[in-house]
Participant: 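Okay, handing you the structure first.
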Amino acid sequence: MSDKRDYYEVLGVARDVDTGELKRAYRRLAMELHPDRNPGDAVAEDRFKEASEAYQVLSEPGKRAHYDRFGHAGPNAGFGGAGFRDVGDIFSTFSDIFGDIFGMGGGARRASANGADIETRVLITLAEASSGIAKEIQVLRNVPCATCGGSGAAPGSHPESCEHCGGRGQVMHSQGFLMISSTCPVCRGEGRLIRDVCTNCEGGGLDQEEDTLQLTIPAGVEDGSTLRLLGRGEAPAQGGRPGNLYVVLRVEPDERFERDGADLHTEVVVSFPQLALGDRIAVSTLDGETEIEIPAGTQPGETLALTGHGMPRLNGRGRGDVVAHLKLVVPSSLSPEEDVNLRAYAAACGQRVNPQRSGFFGRKKKK
Ligand SMILES: [Zn+2]
Ligand SMILES: [Zn+2]
């Protein structure tokens, strides 16, 4: 004879229970008897094993039919209801059930909170973006409290696991068929309680510290480029990983240039004679001014490139160009001498230009 209780009785269900209700009944019991919620309670643990065994048999149609026919005393007794070695066995057997009730692995602790990421901004000039630069930055960040080592408990004491939620930080309520999980009101989701609070961090386990970091900004970064410093964000409250530090680089605009990737575009004002006759002109680059040759007969708006004088490419493949856009500017007023000579030039081209407005009545600057 078996001294085992009837499986239907163990789960508190009728003999004609359907599989859905069977599963709900087991979940309700498992919730109530779960070792995490009954630490050190051997009776609860035995009942938890008993219920798990009953559910294991009754949830499989073949085993259930066998059990219905023969009960515990039938042939092959102990076939599937041999019991579980330990609760870990149960969690792995019914991971589909415990996975969604208790989080992976059933007995798993509340996932520890990782530290938050920090974002900071660093302003650099275009020249600094071009050359690359080492910068020292200050970041205010959370670090583990030096007094309590981050535990939040006064030196010499330890945080205790919250008895109300079994250290999970969450409590379950059933409403009909729904299991509702909510933050434990006793520990406020922490899963632990600190009786003797560290006076330095007031139990938070964290201190703020201004951290000085050496930043190496590579040559060629663009406005908005972000450097990620792994693990240099906020320290975690407990157990988790520290966050990352993101440094967003803002490159100050340089009024001389418009940047397009590695190329720098700049405008150079030229006169008609410079374009017509050709000239050497000075073009700004980030390293100072460089002379460039305008060939005779160049048209307004044409561009001349100073190859390799632009920004370095981040992939290390050389530098871009400085592209000079030639902008023809027509004088808004002419001296008498200029006026006379320009007319002579026009006449030489066979043109008679605006004969009424000659000499001292030349065009005046617009107001
Ligand atoms: Zn502390
Ligand atoms: Zn709690």
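Residue indices begin at 1 and follow the sequence shown.
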Participant: Measuring from T303:OG1 to H265:NE2, what's the distance to the nearest 0.5 Å?
Facilitator: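 These two atoms lie 8.5 Å from each other.
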Participant: Run the salt-bridge test on E32 and R28 with the 4.0 Å N-O cut-off and return the result as yes or no.
Facilitator: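 Looking at E32 and R28, the cut-off is not met.
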Participant: Within a reach of under 6.0 Å around NE2 of H158, are more than 12 heavy atoms found that belong to other residues, nucleotides or ligands?
Facilitator: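 Not more than 12 within 6.0 Å, no.
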Participant: Test your reading of the model: is there a side-chain donor-acceptor pair from H66 to the backbone of R64, 3.5 Å cut-off?
Facilitator: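 Checked: no pair found.
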Participant: For E258, does the CD atom sit with more than 12 other heavy atoms under 6.0 Å from it, leaving out its own atoms?
Facilitator: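 No, CD of E258 has 12 or fewer neighbouring heavy atoms, counting only those of other groups under 6.0 Å.
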Participant: Between L215 and L229, is any pair of side-chain heavy atoms under 4.5 Å apart?
Facilitator: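 A side-chain contact under 4.5 Å exists here.
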Participant: Can you measure from CD (E222) to CE (M311) and round to the nearest 0.5 angstrom?
Facilitator: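 CE of M311 is found 8.0 Å from CD of E222.
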Participant: Near E255 CD, under 6.0 Å, is it more than 12 heavy atoms from other residues, nucleotides or ligands?
Facilitator: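 No, because the 6.0 Å sphere around CD of E255 holds 12 heavy atoms or fewer from other groups.
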Participant: Just do the side-chain contact (heavy atoms from CB on, under 4.5 Å) check on V322 and T290 with the steps written out, would you?
Facilitator: CA-CA 10 Å; V322 167; T290 297; over 6 Å; no
Participant: Applying a strict under-4.5 Å side-chain criterion to I, L, V, M, F, W and Y, I'd like to know whether L123 and I118 cluster together.
Facilitator: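 No; tracing contacts between hydrophobic side chains, which count when under 4.5 Å, never links both residues.
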Participant: Show the nearest heavy-atom pair for residues G150 and P144, with the distance to one decimal.
Facilitator: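 G150 and P144 have their closest heavy atoms at CA-CB, 4.3 Å.
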Participant: Contact between V171 and C184 at the side-chain level, heavy atoms closer than 4.5 Å - yes or no?
Facilitator: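 Yes, close enough: below the 4.5 Å cut-off.
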Participant: Of all heavy-atom pairs between G261 and R259, which one has the smallest distance, and what is that distance?
Facilitator: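 Between these two residues, the closest heavy atoms are O-NE, 2.9 Å.
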Participant: What do the steps show when you test C162 against E190 for side-chain contact (heavy atoms from CB on, under 4.5 Å), and what is the final call?
Facilitator: CA-CA 8 Å; C162 171; E190 287 283 302; over 6 Å; no
Participant: Hey, is D6 close enough to R15 for a salt bridge, meaning N to O under 4.0 Å?
Facilitator: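 Judged by the 4.0 Å cut-off on N to carboxylate O distance, D6 and R15 do form a salt bridge.
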Participant: Is the closest side-chain heavy-atom distance between L275 and P300 below 4.5 Å?
Facilitator: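 They are in contact (side-chain heavy atoms under 4.5 Å apart), so the answer is yes.
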Participant: Is there a side-chain contact between F272 and V330, using heavy atoms and a 4.5 Å cut-off?
Facilitator: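 The answer is no, as the side chains (C-beta and beyond) never meet within the 4.5 Å cut-off.
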Participant: Got a sec: does the CD of Q208 have more than 12 other heavy atoms crowding it under 6.0 Å?
Facilitator: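 Yes, the 6.0 Å shell around CD holds more than 12 heavy atoms from other groups.
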Participant: Name the atoms and distances for all side-chain donor-acceptor pairs under 3.5 Å in residues 247-254, with sequence neighbours left out.
Facilitator:
from, atom 1, to, atom 2, distance (Å)
R250, NE, D223, OD1, 2.9
R250, NH2, D223, OD2, 3.0
D254, OD1, R256, N, 3.0
D254, OD1, R256, NE, 3.1
D254, OD2, R256, NH2, 3.0

Participant: Would you find a donor on one side and an acceptor on the other, under 3.5 Å apart, between the side chain of N114 and the backbone of R241?
Facilitator: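 Yes, the answer is positive, given that a donor and an acceptor are paired below the 3.5 Å cut-off.
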Participant: Under a 4.5 Å cut-off applied to non-hydrogen side-chain atoms, are L126 and L264 in contact?
Facilitator: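 A side-chain contact exists here, since the closest heavy-atom pair is under 4.5 Å.
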Participant: Does any N or O in the side chain of R313 come within less than 3.5 Å of the main-chain N or O of N315, such that one atom is a donor and the other an acceptor?
Facilitator: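 Answer holds: no.
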Participant: Is any side-chain heavy atom of Y8 closer than 4.5 Å to one of D16?
Facilitator: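 With C-beta onward as the side chain, the pair stays apart.
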Participant: Would you say that P312 contacts R319 through its side chain, given a criterion of any heavy-atom pair below 4.5 Å between the two side chains?
Facilitator: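 Yes. Closest side-chain heavy atoms under 4.5 Å.
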Participant: Report the residues that fulfil salt bridge (charged side-chain N to carboxylate O under 4.0 Å, His left out) with E210, sequence neighbours left out, ordered by chain and then residue number.
Facilitator: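 So E210 forms no salt bridge (charged side-chain N to carboxylate O under 4.0 Å, His left out) with any residue.
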Participant: List the atom of A235, the atom of V143, and the distance in Å for their closest heavy-atom pair.
Facilitator: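 Nearest heavy atoms, A235 then V143: CB-CA, 3.7 Å.
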Participant: Hey, does D287 have a side-chain heavy atom less than 4.5 Å from the side chain of S130?
Facilitator: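 The answer is no, as the side chains (C-beta and beyond) never meet within the 4.5 Å cut-off.
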Participant: Could you state the interatomic distance from CD (E267) to CG (L326), rounded to the nearest 0.5 Å?
Facilitator: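 If I round to the nearest 0.5 Å, the distance is 9.5 Å.
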Participant: Please walk me through it: do E293 and R280 pass salt bridge (charged side-chain N to carboxylate O under 4.0 Å, His left out)?
Facilitator: CA-CA 4 Å; E293 179 97 33; R280 286 186 75 79; 2.8 Å; yes
Participant: If you look at every heavy atom in A305 and I292, which pair is closest and at what distance?
Facilitator: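 In this case the closest contact between A305 and I292 is O-CD1, 4.0 Å.
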Participant: Would you say I281 ends up clustered with L286 if hydrophobic residues are merged whenever their side chains have heavy atoms under 4.5 Å apart, either directly or through other cluster members?
Facilitator: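 Same cluster: L286 reaches I281 through Ile, Leu, Val, Met, Phe, Trp or Tyr contacts under 4.5 Å.
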Participant: Carefully, step by step, assess I124 and V221 under the rule side-chain contact (heavy atoms from CB on, under 4.5 Å).
Facilitator: CA-CA 10 Å; I124 58 173; V221 292; 3.9 Å; yes
Participant: Rounded to the nearest 0.5 Å, how far apart are CZ of R232 and CG of L245?
Facilitator: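 The CG atom of L245 is 8.0 Å from CZ of R232, to the nearest 0.5 Å.
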Participant: Other residues, nucleotides and ligands only: do more than 12 of their heavy atoms fall within 6.0 Å of CD on E337?
Facilitator: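 Atom CD in E337 is not packed in, count stays at 12 or less.
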Participant: I'd like to know if the side chain of D117 reaches the main chain of G243, judged simply by a donor and an acceptor atom lying under 3.5 Å from each other, with no hydrogens or angles considered.
Facilitator: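 No.
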Participant: Once rounded to the nearest 0.5 Å, what's the spacing between atom CZ of R141 and atom CD of E234?
Facilitator: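 One finds 7.5 Å between CZ of R141 and CD of E234.
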Participant: Using 30° and 60° as the class boundaries, would you call the ring planes of Y67 and H72 parallel, tilted or perpendicular?
Facilitator: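 Perpendicular, since the angle between the ring planes exceeds 60°.
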Participant: What's the verdict on salt bridge (charged side-chain N to carboxylate O under 4.0 Å, His left out) for E21 and R24, showing C-alpha distance, side-chain angles and the deciding distance?
Facilitator: CA-CA 5 Å; E21 178 51 32; R24 284 190 286 272; 3.3 Å; yes
Participant: I'd like to know if L206 and V197 are part of one continuous hydrophobic network [Ile/Leu/Val/Met/Phe/Trp/Tyr, side-chain heavy atoms within less than 4.5 Å].
Facilitator: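 Cluster IDs for V197 and L206 differ.
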Participant: Given 3.5 Å as the limit, does a donor-acceptor pair link the side chain of N244 with the main chain of G231, or not?
Facilitator: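 A pair under 3.5 Å: yes.
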Participant: Using the side-chain contact (heavy atoms from CB on, under 4.5 Å) rule, take L306 and V283 through it: C-alpha gap first, then chi angles, then the decisive distance, then the call.
Facilitator: CA-CA 9 Å; L306 282 165; V283 174; 3.7 Å; yes
Participant: When you group the ILVMFWY residues by side-chain heavy-atom contacts below 4.5 Å and let the links chain together, are I217 and Y246 in the same group?
Facilitator: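 No, no single cluster joins them.
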Participant: Under 4.0 Å between a Lys/Arg side-chain N and an Asp/Glu carboxylate O for E53 and R5?
Facilitator: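 The answer is no: the pair does not qualify as a salt bridge.
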Participant: When hydrophobic residues are tied together by side-chain contacts of less than 4.5 Å, even through go-betweens, does L29 share a cluster with L58?
Facilitator: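 Same hydrophobic cluster.
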Participant: Measure across P159 and I194 and return the closest heavy-atom pair with its distance rounded to 0.1 Å.
Facilitator: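 Taking P159 first and I194 second, the nearest heavy atoms are CB-CG1, 3.9 Å.
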Participant: Search all heavy atoms of C187 against all heavy atoms of C165 and return the closest pair with its distance.
Facilitator: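 So the two residues come closest at SG-SG, 3.6 Å.
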Participant: How long is the straight-line distance from NZ of K49 back to CG of L33, given to the nearest 0.5 Å?
Facilitator: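 Spacing of CG (L33) from NZ (K49) equals 12.5 Å.
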